[in-house]
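Quick notes on the structure that follows.
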Amino acid sequence: MARLGVNIDHVATIRQARRTYEPDPVWAAAAAELGGADQITVHLREDRRHIQDRDLELLVKTVHSRVNLELAVASDVLKIACRVKPGCCCLVPEKRQEVTTEGGLDVAGGFAKVREAAKRLGGAGIEVSIFIDPDPRQIEAAAKSGAPFIEMHTGSYANARSERETEKRLHELIEGAALARSLGLRVNAGHGLNYRNVIPVARIEGMEELNIGHAIVARAIFTGLTEAVREMKRLIS
Ligand code: PXP
C-alpha cells in the first residue's frame, strides 16, 4: 500500500491570511498523524507565503512519522534543509507568481544544478526526491542525477476533463512509473489528487507514496483533519 504524505501548507495559508498564530500547522501535523498520516509534507517557498521557517523547525522536532520538505533548487533553502535535516526533501520548480506548483522540475534542462542539489542533500543524510512530469526525457535525467526517488506530477491526470483524457494521462503515469523503476528509481506521486481520483494512482505498480494537500485540508473544514486523513487512507488501501 502506498504511504500517505499529508501536505499541510494550506493550514498555514489560512494563518497567513491574517498573519496571526492560528491555525498552527504544528497542531495540524499532530491531527494528521492521529488519522494515520505516514508523512507530513510542507513547502518552504522562497516568498514564505504559507509555511514559515519556525514551522519547519518545530515540525522536524515534533513529527513522529517524518517530514518531507519541498524546496526549490536555490541555495538559501538548500542551506536551511541541510541544517534542519527533514527526513526527506523533494526538489520542485518554483515561480513567485504561480498559485501552486505548476509543472515538474526541468531536470534535463538544469541538470548540473539539480545533480549538485541532490548530492548536497544526500550528503546531509536526507532522502532526495525530484518532482517531475511523467516525461521519459525528465525521468532519464532524474535517474542520472543521483536522487533515489522521483515524485511524478499528477496534475495533468487530475485536471483532465474527459474520460478519454483521464485514461491517457493515467497511462502516462503508469508508463512513467515503469520506466523509472526500470532505471532504478523509486516512485512517488502527487498534486491534484483527491477523494475521487486517487484510487487508480494508488494502484500503479510500485507506487510508494502519495503526497496530498488541498483536497484533505478542504475536506477537513467539514470533517476535521484527523477524519479527513483517515478517509483518504481508506481509499488508498
Ligand atoms: N507534491 C508536490 C511536489 C507539490 O508541490 C504539491 C503542492 O504543494 C503536492 C504534492 C500536493 O498537491 P495538492 O495540494 O494539489 O494535493
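Whatever order the structure lists ligands and atoms in, that order sets their numbers, starting from 1. Computed from heavy atoms alone, side chains included, the values below leave out hydrogens, waters and symmetry copies.
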N/O to N/O under 3.5 Å, ligand 1 against protein:
unit_1: ligand 1; atom_1: 1 (N); unit_2: Glu70; atom_2: OE2; d: 3.4
unit_1: ligand 1; atom_1: 1 (N); unit_2: Glu151; atom_2: OE2; d: 2.5
unit_1: ligand 1; atom_1: 5 (O); unit_2: Glu70; atom_2: OE1; d: 3.1
unit_1: ligand 1; atom_1: 5 (O); unit_2: Thr101; atom_2: OG1; d: 3.1
unit_1: ligand 1; atom_1: 8 (O); unit_2: Asn7; atom_2: ND2; d: 3.4
unit_1: ligand 1; atom_1: 14 (O); unit_2: His214; atom_2: N; d: 2.9
unit_1: ligand 1; atom_1: 15 (O); unit_2: Gly192; atom_2: N; d: 2.8
unit_1: ligand 1; atom_1: 16 (O); unit_2: Gly213; atom_2: N; d: 2.8

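Asn211 pairs in a side-chain hydrogen bond (donor to acceptor under 3.5 Å, both in side chains) with only one of the listed residues (Asn188, Asn7, Thr154, Thr41), which is Thr41.
Grouped with Phe149 in a hydrophobic cluster is no other residue, since no side-chain heavy-atom contact under 4.5 Å to another Ile, Leu, Val, Met, Phe, Trp or Tyr is found.
Applying the salt bridge (Lys or Arg N to Asp or Glu O under 4.0 Å) test to Arg161 and every residue at least two apart in sequence or in another chain returns nothing.
Ring orientation note: the planes of His10 and His50 are nearly perpendicular, at an angle over 60° on the 30°/60° scale.
Residues Arg49 and Asp9 are not paired through a salt bridge, judged by the lack of any N-O separation under 4.0 Å between the basic side chain and the carboxylate.
Judged as a side chain to side chain donor-acceptor pair (under 3.5 Å), the pairs with a partner in residues 124-144 (not counting sequence neighbours) are, in order, Arg66-Glu127, Asp106-Gln138.
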